[in-house]
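Inspection log for the structure reproduced underneath, given as C-alpha coordinates.
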Amino acid sequence: MRYQVDTHTHTLASTHAYSTIHDYIAEAKRKGIVLFATTDHGPDMADAPHAWHFINSRVIPRMVDGVGILRGIEANIKDEFGEIDCNDRMLNELDIILAGFHEQVFAPKDRDTNTRAMINAMKKGLVHVITHPGNPKFPIDIHAVAEAAAKYNVALEINNSSFLHSRVGSDVNCTAIAKAVRDAGGWVSLGSDSHIAFSLGDLEMSQAILDDVDFPADRVLNRSPRVLLDFLESRGMPHIPEFAGL
Ligand SMILES: [Zn+2]
Ligand SMILES: [Zn+2]
(Lines give C-alpha, C1' and ligand atoms only; values in the text may rest on other atoms or scores of the structure.)
(Ligands and ions follow the chains in the order given, each with its own letter.)
Protein backbone atom coordinates (compact mmCIF):
# COMPACT_ATOMS: atom_id res chain seq x y z
CA MET A 1 0.00 0.00 0.00
CA ARG A 2 1.23 3.47 -0.86
CA TYR A 3 0.14 6.55 1.07
CA GLN A 4 -1.42 9.28 -1.05
CA VAL A 5 -0.05 12.02 1.22
CA ASP A 6 3.52 13.22 1.81
CA THR A 7 4.14 15.95 4.39
CA HIS A 8 7.82 16.75 3.79
CA THR A 9 9.51 17.80 0.52
CA HIS A 10 12.18 20.27 -0.54
CA THR A 11 12.54 22.17 -3.81
CA LEU A 12 15.62 23.72 -5.33
CA ALA A 13 14.80 26.86 -3.38
CA SER A 14 17.04 25.09 -0.86
CA THR A 15 20.07 24.62 -3.07
CA HIS A 16 21.00 21.20 -1.71
CA ALA A 17 17.69 20.01 -3.24
CA TYR A 18 17.13 19.55 -6.95
CA SER A 19 13.49 19.69 -8.04
CA THR A 20 10.78 22.20 -8.75
CA ILE A 21 7.13 22.14 -7.70
CA HIS A 22 6.38 21.16 -11.30
CA ASP A 23 8.61 18.11 -10.92
CA TYR A 24 6.81 17.12 -7.74
CA ILE A 25 3.41 17.43 -9.39
CA ALA A 26 4.50 15.19 -12.26
CA GLU A 27 5.83 12.62 -9.79
CA ALA A 28 2.65 12.88 -7.69
CA LYS A 29 0.53 12.11 -10.73
CA ARG A 30 2.74 9.19 -11.67
CA LYS A 31 2.48 7.68 -8.19
CA GLY A 32 -1.08 8.57 -7.26
CA ILE A 33 -0.08 11.05 -4.55
CA VAL A 34 -2.98 13.46 -4.15
CA LEU A 35 -1.66 15.87 -1.50
CA PHE A 36 1.86 16.91 -0.61
CA ALA A 37 3.41 19.70 1.40
CA THR A 38 6.24 21.78 -0.04
CA THR A 39 8.41 22.47 3.00
CA ASP A 40 11.67 24.18 2.24
CA HIS A 41 14.17 24.88 4.98
CA GLY A 42 13.65 27.89 7.20
CA PRO A 43 15.81 30.92 6.35
CA ASP A 44 18.37 30.36 9.10
CA MET A 45 19.87 27.39 7.27
CA ALA A 46 22.89 28.35 5.17
CA ASP A 47 21.42 27.70 1.72
CA ALA A 48 17.75 28.12 2.55
CA PRO A 49 15.47 30.54 0.73
CA HIS A 50 14.85 34.04 1.98
CA ALA A 51 11.74 34.72 4.09
CA TRP A 52 10.10 36.09 0.93
CA HIS A 53 10.01 32.56 -0.49
CA PHE A 54 7.49 31.66 2.21
CA ILE A 55 5.65 34.98 2.30
CA ASN A 56 4.99 34.77 -1.44
CA SER A 57 3.82 31.16 -1.33
CA ARG A 58 0.28 32.41 -1.83
CA VAL A 59 0.99 32.30 -5.58
CA ILE A 60 1.25 28.50 -5.47
CA PRO A 61 -2.06 27.10 -6.71
CA ARG A 62 -3.96 24.96 -4.23
CA MET A 63 -4.67 22.29 -6.83
CA VAL A 64 -2.84 21.44 -10.04
CA ASP A 65 -4.13 18.60 -12.23
CA GLY A 66 -5.85 16.94 -9.29
CA VAL A 67 -2.87 17.24 -6.95
CA GLY A 68 -3.22 19.37 -3.82
CA ILE A 69 -0.25 21.41 -2.62
CA LEU A 70 0.13 22.52 0.98
CA ARG A 71 2.30 25.60 1.49
CA GLY A 72 4.74 24.73 4.23
CA ILE A 73 8.13 25.16 5.82
CA GLU A 74 10.60 22.99 7.66
CA ALA A 75 11.63 25.59 10.18
CA ASN A 76 14.67 25.35 12.42
CA ILE A 77 14.37 25.03 16.17
CA LYS A 78 16.84 27.75 17.10
CA ASP A 79 17.36 27.56 20.83
CA GLU A 80 16.33 25.87 24.04
CA PHE A 81 13.34 28.19 24.34
CA GLY A 82 11.90 26.58 21.23
CA GLU A 83 12.09 29.64 18.98
CA ILE A 84 11.76 28.87 15.27
CA ASP A 85 12.87 30.82 12.20
CA CYS A 86 9.38 31.49 10.94
CA ASN A 87 8.04 34.98 11.57
CA ASP A 88 4.41 36.13 11.63
CA ARG A 89 4.42 37.27 8.02
CA MET A 90 5.55 33.83 6.95
CA LEU A 91 3.15 32.04 9.28
CA ASN A 92 0.26 34.03 7.83
CA GLU A 93 0.84 32.54 4.38
CA LEU A 94 1.55 28.95 5.34
CA ASP A 95 -0.67 25.91 5.79
CA ILE A 96 1.66 23.54 7.60
CA ILE A 97 4.58 24.20 9.90
CA LEU A 98 7.23 21.56 10.38
CA ALA A 99 10.21 22.22 12.62
CA GLY A 100 13.27 20.27 13.62
CA PHE A 101 16.86 20.37 14.70
CA HIS A 102 19.55 21.05 12.12
CA GLU A 103 23.15 21.12 13.21
CA GLN A 104 24.04 24.26 11.28
CA VAL A 105 21.47 26.27 13.25
CA PHE A 106 21.31 24.50 16.60
CA ALA A 107 24.41 22.49 17.44
CA PRO A 108 23.53 19.28 19.29
CA LYS A 109 23.40 19.75 23.05
CA ASP A 110 23.00 17.32 25.93
CA ARG A 111 19.85 15.23 26.19
CA ASP A 112 18.09 17.50 28.68
CA THR A 113 18.70 20.65 26.65
CA ASN A 114 17.64 19.03 23.37
CA THR A 115 14.50 17.73 25.05
CA ARG A 116 13.69 21.13 26.53
CA ALA A 117 14.17 22.84 23.17
CA MET A 118 11.90 20.38 21.38
CA ILE A 119 9.17 20.49 24.01
CA ASN A 120 9.27 24.28 24.15
CA ALA A 121 8.93 24.42 20.36
CA MET A 122 5.77 22.31 20.64
CA LYS A 123 4.44 24.25 23.60
CA LYS A 124 4.54 27.55 21.71
CA GLY A 125 1.72 26.28 19.56
CA LEU A 126 3.05 27.16 16.09
CA VAL A 127 4.50 23.81 15.06
CA HIS A 128 2.36 21.01 13.65
CA VAL A 129 5.05 18.38 13.04
CA ILE A 130 8.48 17.83 14.59
CA THR A 131 10.80 16.54 11.88
CA HIS A 132 13.24 13.67 12.37
CA PRO A 133 13.08 13.56 16.18
CA GLY A 134 14.90 10.22 15.93
CA ASN A 135 18.14 11.82 14.78
CA PRO A 136 20.81 10.14 16.96
CA LYS A 137 22.95 13.29 16.86
CA PHE A 138 20.31 15.02 19.00
CA PRO A 139 19.54 12.68 21.91
CA ILE A 140 16.16 13.38 23.50
CA ASP A 141 14.03 11.96 26.28
CA ILE A 142 11.71 10.09 23.93
CA HIS A 143 9.07 9.39 26.54
CA ALA A 144 8.86 13.04 27.62
CA VAL A 145 8.76 14.28 24.02
CA ALA A 146 6.01 11.83 23.05
CA GLU A 147 3.94 12.81 26.09
CA ALA A 148 4.34 16.50 25.28
CA ALA A 149 3.54 15.90 21.61
CA ALA A 150 0.26 14.22 22.55
CA LYS A 151 -0.53 17.00 25.01
CA TYR A 152 0.12 19.80 22.53
CA ASN A 153 -1.37 17.90 19.57
CA VAL A 154 1.87 17.88 17.59
CA ALA A 155 2.82 15.00 15.30
CA LEU A 156 6.24 13.39 15.52
CA GLU A 157 7.74 12.49 12.18
CA ILE A 158 9.07 9.11 11.16
CA ASN A 159 11.36 10.41 8.44
CA ASN A 160 11.86 7.96 5.59
CA SER A 161 15.12 9.45 4.36
CA SER A 162 16.67 8.91 7.80
CA PHE A 163 16.85 5.24 6.84
CA LEU A 164 18.32 5.90 3.39
CA HIS A 165 20.59 8.91 3.04
CA SER A 166 21.11 10.61 6.35
CA ARG A 167 20.95 10.42 10.11
CA VAL A 168 22.46 6.94 10.30
CA GLY A 169 21.28 5.01 13.31
CA SER A 170 17.82 6.53 13.40
CA ASP A 171 15.99 3.20 13.23
CA VAL A 172 16.38 2.29 16.89
CA ASN A 173 15.26 5.75 18.01
CA CYS A 174 12.38 5.83 15.54
CA THR A 175 11.09 2.49 16.75
CA ALA A 176 11.18 3.82 20.31
CA ILE A 177 9.44 7.01 19.18
CA ALA A 178 6.70 5.07 17.38
CA LYS A 179 6.11 3.01 20.53
CA ALA A 180 6.05 6.07 22.76
CA VAL A 181 3.64 7.95 20.49
CA ARG A 182 1.43 4.87 20.27
CA ASP A 183 1.31 4.64 24.07
CA ALA A 184 0.78 8.38 24.55
CA GLY A 185 -2.08 8.40 22.05
CA GLY A 186 -0.41 10.93 19.77
CA TRP A 187 0.07 11.35 16.04
CA VAL A 188 2.87 10.39 13.71
CA SER A 189 3.55 12.00 10.37
CA LEU A 190 5.45 10.17 7.65
CA GLY A 191 7.69 12.33 5.52
CA SER A 192 9.82 11.33 2.56
CA ASP A 193 11.98 14.43 3.19
CA SER A 194 12.53 14.37 -0.56
CA HIS A 195 15.32 16.56 -1.85
CA ILE A 196 14.53 15.42 -5.38
CA ALA A 197 11.08 14.63 -6.74
CA PHE A 198 11.75 10.97 -7.52
CA SER A 199 11.40 10.00 -3.85
CA LEU A 200 8.07 11.76 -3.32
CA GLY A 201 5.73 9.50 -1.37
CA ASP A 202 8.41 6.92 -0.62
CA LEU A 203 7.48 6.01 2.93
CA GLU A 204 8.08 2.28 2.99
CA MET A 205 10.88 2.33 5.55
CA SER A 206 8.83 4.52 7.87
CA GLN A 207 5.86 2.22 7.47
CA ALA A 208 8.04 -0.78 8.37
CA ILE A 209 8.83 0.94 11.69
CA LEU A 210 5.11 1.44 12.34
CA ASP A 211 4.38 -2.19 11.45
CA ASP A 212 7.04 -3.33 13.90
CA VAL A 213 5.21 -1.73 16.80
CA ASP A 214 1.61 -2.29 15.64
CA PHE A 215 1.10 1.44 15.38
CA PRO A 216 -2.61 2.31 15.03
CA ALA A 217 -3.36 3.30 11.43
CA ASP A 218 -5.83 5.97 12.51
CA ARG A 219 -3.05 7.97 14.23
CA VAL A 220 -1.03 8.40 11.04
CA LEU A 221 -1.56 11.85 9.50
CA ASN A 222 -0.83 10.48 6.03
CA ARG A 223 -3.69 8.04 6.22
CA SER A 224 -5.76 10.25 3.92
CA PRO A 225 -5.78 13.85 2.76
CA ARG A 226 -8.82 14.45 4.95
CA VAL A 227 -7.07 13.14 8.07
CA LEU A 228 -4.19 15.57 7.54
CA LEU A 229 -6.46 18.49 6.66
CA ASP A 230 -8.72 17.83 9.65
CA PHE A 231 -5.68 17.67 11.90
CA LEU A 232 -4.48 21.05 10.65
CA GLU A 233 -7.94 22.51 11.21
CA SER A 234 -7.97 21.01 14.71
CA ARG A 235 -4.78 23.01 15.25
CA GLY A 236 -6.59 26.20 14.32
CA MET A 237 -5.57 26.49 10.70
CA PRO A 238 -8.26 27.80 8.36
CA HIS A 239 -10.39 25.49 6.26
CA ILE A 240 -9.16 25.42 2.66
CA PRO A 241 -12.20 25.13 0.39
CA GLU A 242 -10.16 24.16 -2.70
CA PHE A 243 -9.28 20.88 -1.00
CA ALA A 244 -12.93 19.92 -0.41
CA GLY A 245 -12.79 17.25 -3.12
CA LEU A 246 -9.76 15.47 -1.66
ZN1 LIG B 1 17.53 19.53 3.47
ZN1 LIG C 1 15.29 18.34 8.30
Side-chain angles (χ1 to χ4, degrees), residues 5-21 23-24 27 36-51 53-54 57 70-79 82-86 90 94-109 114-115 117-122 126-140 142 145 149 154-171 173-174 177 187-203 205-206 209 221-222:
V5 177
D6 191 343
T7 55
H8 190 168
T9 68
H10 297 275
T11 71
L12 45 70
S14 311
T15 65
H16 63 281
Y18 306 93
S19 292
T20 66
I21 288 186
D23 300 328
Y24 278 102
E27 189 70 7
F36 71 93
T38 184
T39 55
D40 272 303
H41 288 286
D44 282 16
M45 189 174 276
D47 73 339
H50 190 275
H53 171 85
F54 302 98
S57 65
L70 285 164
R71 304 161 186 168
I73 184 172
E74 185 189 14
N76 295 284
I77 298 173
K78 294 168 58 148
D79 56 34
E83 291 292 335
I84 59 171
D85 56 346
C86 187
M90 295 157 71
L94 296 172
D95 304 322
I96 181 167
I97 312 299
L98 321 182
F101 291 137
H102 299 96
E103 285 173 78
Q104 304 81 353
V105 177
F106 181 80
K109 308 289 192 298
N114 295 335
T115 301
M118 196 173 271
I119 291 177
N120 281 337
M122 297 194 275
L126 302 176
V127 177
H128 305 129
V129 177
I130 295 288
T131 56
H132 42 71
N135 186 353
K137 285 195 174 157
F138 289 88
I140 52 165
I142 287 173
V145 165
V154 173
L156 298 184
E157 182 187 65
I158 307 292
N159 183 296
N160 202 73
S161 80
S162 294
F163 312 117
L164 301 172
H165 307 297
S166 52
R167 298 180 287 272
V168 177
S170 290
D171 46 346
N173 288 343
C174 288
I177 287 168
W187 290 98
V188 294
S189 178
L190 308 185
S192 69
D193 196 3
S194 290
H195 284 66
I196 191 160
F198 303 116
S199 54
L200 177 68
D202 288 356
L203 301 169
M205 308 288 281
S206 300
I209 298 272
L221 286 185
N222 310 64

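We count ligands from 1, going down the list as the structure has it; atoms in each ligand are counted the same way. Being a predicted model, the structure only gives us computed values, none of them experimental.
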- ring pair (Phe, Tyr, Trp, His ring centres under 6.0 Å) partners of F163, counting only residues at least two apart: none
- Task: Look only at the side chain of D95 and the backbone of G72, and say whether a donor-acceptor pair between them is shorter than 3.5 Å.
- Result: no
- Query: Is the distance between the ring centroids of H41 and H53 less than 6.0 Å?
  - Reply: no
- Keeping waters out of it, list the protein N, O or S atoms under 2.8 Å from the Zn ion (ligand 1). H16 NE2, H41 NE2, H195 NE2
- Task: Please confirm whether the backbone N or O of N76 pairs with a side-chain atom of D85, one donor and one acceptor, at under 3.5 Å?
- Result: yes
- Task: Please name all residues satisfying side-chain contact (heavy atoms from CB on, under 4.5 Å) with T20, sequence neighbours left out, ordered by chain then number.
- Result: L12, H22, D23
- Item | Residues that Y18 engages under side-chain contact (heavy atoms from CB on, under 4.5 Å), provided they are two or more places apart | I196
